[in-house]
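Report on the following structure.
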Amino acid sequence: MLARTTTGLVAYYPFTEDSGTVVHDQSGVGAAMDLSISGSVSYVGGTNGVIMDGGLISTGIAASKVINALQGSNASSFEIWIEAGNLTQS
């Protein structure tokens, strides 16, 4: 497994809160761009993650630091880990 990239991060959300409605930006870069959780979302106990069942994860502020970084570098990289709850299609 490759090591996780830690340099050059603009936003970082490890989802380690375990409860609540705020996911904290732990990048340490500029003003924190925390996320709000609403609707049918629950934390996965003992791990980093949430279960989405029609819920919403959003930021209440403009994503200026992300937009500025994308425009400044003209490049991006995203890491998202997803586990399907159902592998059957209908």
Scan for salt bridge (charged side-chain N to carboxylate O under 4.0 Å, His left out) pairs involving [range], sequence neighbours excluded, and state none if there are none.
range	result
residues 28-48	none
residues 45-58	none
residues 19-33	D25-K65

Quiz prompt | Linked hydrophobic residues, F78 as query - side chain contacts closer than 4.5 Å | solution = none

Quiz prompt | Fellow cluster residues of I51, listed by chain then number, with links counted only when side-chain atoms sit under 4.5 Å apart | solution = V44

Quiz item: Among pairs that include at least one residue of residues 68-77, which meet side chain to side chain donor-acceptor pair (under 3.5 Å), considering only residues two or more places apart or in two chains?
Solution: none

Self-check item: I61-V29 co-clustered via ILVMFWY side chain contacts under 4.5 Å
Solution: no

Practice problem: Taking side-chain hydrogen bond (donor to acceptor under 3.5 Å, both in side chains) as the test, write out the residues that go with S64, two or more places apart. | Solution: none

Self-check item: Nearest-0.5 Å distance, OG of residue S40 to CG of residue L56
Solution: 12.0 Å

Quiz item: Is any side-chain heavy atom of I37 closer than 4.5 Å to a side-chain heavy atom of V50?
Solution: yes

I'd like a table of donor-acceptor pairs (distance under 3.5 Å, sequence neighbours excluded) in which one partner is a side-chain atom from residues 8-23, with atom names and distances.
residue	atom	partner	partner atom	Å
Y13	OH	M33	O	2.5
T16	OG1	Q26	NE2	3.4
E17	OE2	H24	N	2.8

